[in-house]
Visitor: 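The structure follows.
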Amino acid sequence: MKLVTRSQWGARAYRTPNGATPYSRPRRGVKLHYLGTPYTDRTHDRCDDYVRQLQAQHMDGNGWSDIGYSFLVCTHGYVYEGRGLKRRNSANGNTTLNEQDYAVCLLVGSSGLVKPTDDQLGGTRDAIEYCREEGPAGDWLGGHRDGYATACPGDAVYAWAQQGAPRPGGTAVEPKPAPATKPRVSVAHLRSAARQDPPAAQGHTTYKAEVLVVERALRAEGLLPADYVDGSFGSKTIGAYARWQRSPAGGGYTGADADGIPGKASLKLLAARRGFTVTD
Ligand SMILES: [Zn+2]
Ligand SMILES: [Zn+2]
């Protein structure tokens, strides 16, 4: 990802305390935006200028504490850091919506340049994956107009979001894994994650990719709320796994055998239903 950090684009300092408000839980996903004003394309050496101008508009015109968006993507595919991964955005319409999803703005307008470039779609895809991996954010993807009365992010960007934001020139959106490529999950790794993650501060993850496989399976079984599918085997995940162990499908364990720390037998039962492979 071609990330342009705040210091690289010459951001002004944000105002406290509001500009420093952290998210209070993992994000559901990512909402896309456009500028909603006329925009003409420019050479990349002028993109920093434009982002600084937008920040000034948001801070001095709207009276916000910082540029509103989490990230912005120019037509050349560079991803500008706005409020970033940890500070709550102010672009989605209200506090609830800002808390719910990241806000990523493509530099395209409501007139002039209205259709995103391929480089820009690639950069936006990078930003979405970055939010999902590092945020954390769930898989939900949509536009500012979802749940809020606005034309944003314009029809071109919205249609692309509805297709799942495919990488231009790439193959399918998110190819379904063939049976041969079932995710593999190690019991030892999971047990170690379940012991290490709970006491740690929010966001601590051990063997994140494998924990995510199990969390998604627990979610599919209706045992774990989507907000906690975050790659951290914390106390909510332990509680959900204990419910799995106690359930008839999970083996019907009781007492210390249903402590929420995965054992091989209960994990294999979950794997058989949810399409992953268990190793030692
Ligand atoms: Zn918007
Ligand atoms: Zn640019």
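Just so you know, ligand 1 is whichever comes first in the structure, and atom 1 is the first atom listed for that ligand.
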Visitor: Can you confirm whether or not the ring centre of Tyr39 sits under 6.0 Å from the ring centre of Tyr34?
Guide: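 Ring-ring flag for Tyr39/Tyr34: false, centres at least 6.0 Å apart.
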
Visitor: Check whether the side chains of Asp146 and Tyr158 place a donor and an acceptor atom closer than 3.5 Å, and report yes or no.
Guide: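 Yes.
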
Visitor: Mark yes or no for whether Arg184, through its side chain, and Thr277, through its backbone, hold a donor-acceptor pair below 3.5 Å.
Guide: no

Visitor: Hey, are Arg83 and Ser90 close enough side-chain-wise for a donor-acceptor pair under 3.5 Å?
Guide: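 Per modelled atom types, Ser90 and Arg83 side chains form a pair under 3.5 Å.
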
Visitor: For the Zn ion (ligand 2), how many protein N, O or S atoms come closer than 2.8 Å?
Guide: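 Number of qualifying protein atoms: 4.
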
Visitor: Taking the Zn ion (ligand 1) as the vertex, what is the angle from ND1 of His144 to SG of Cys152, given to 10 degrees?
Guide: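 It is 110°, given to the nearest 10°.
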
Visitor: For Glu215 and Asp230, indicate whether the former's side chain and the latter's backbone hold a donor-acceptor pair under 3.5 Å.
Guide: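 Yes, the answer is positive, given that a donor and an acceptor are paired below the 3.5 Å cut-off.
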
Visitor: Is the Zn ion (ligand 1) under 2.8 Å from any N, O or S atom of His33?
Guide: yes

Visitor: Just by distance, no angles: are the side chains of Asp126 and Tyr78 close enough, under 3.5 Å, to form a donor-acceptor pair?
Guide: no

Visitor: Could you list the residues that satisfy side chain to side chain contact (heavy atoms under 4.5 Å, CB included) with His58, not counting sequence neighbours?
Guide: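 For His58 the side chain to side chain contact (heavy atoms under 4.5 Å, CB included) partners, ignoring immediate neighbours, are Leu54, Asn62, Trp64, Ile67, Tyr69.
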
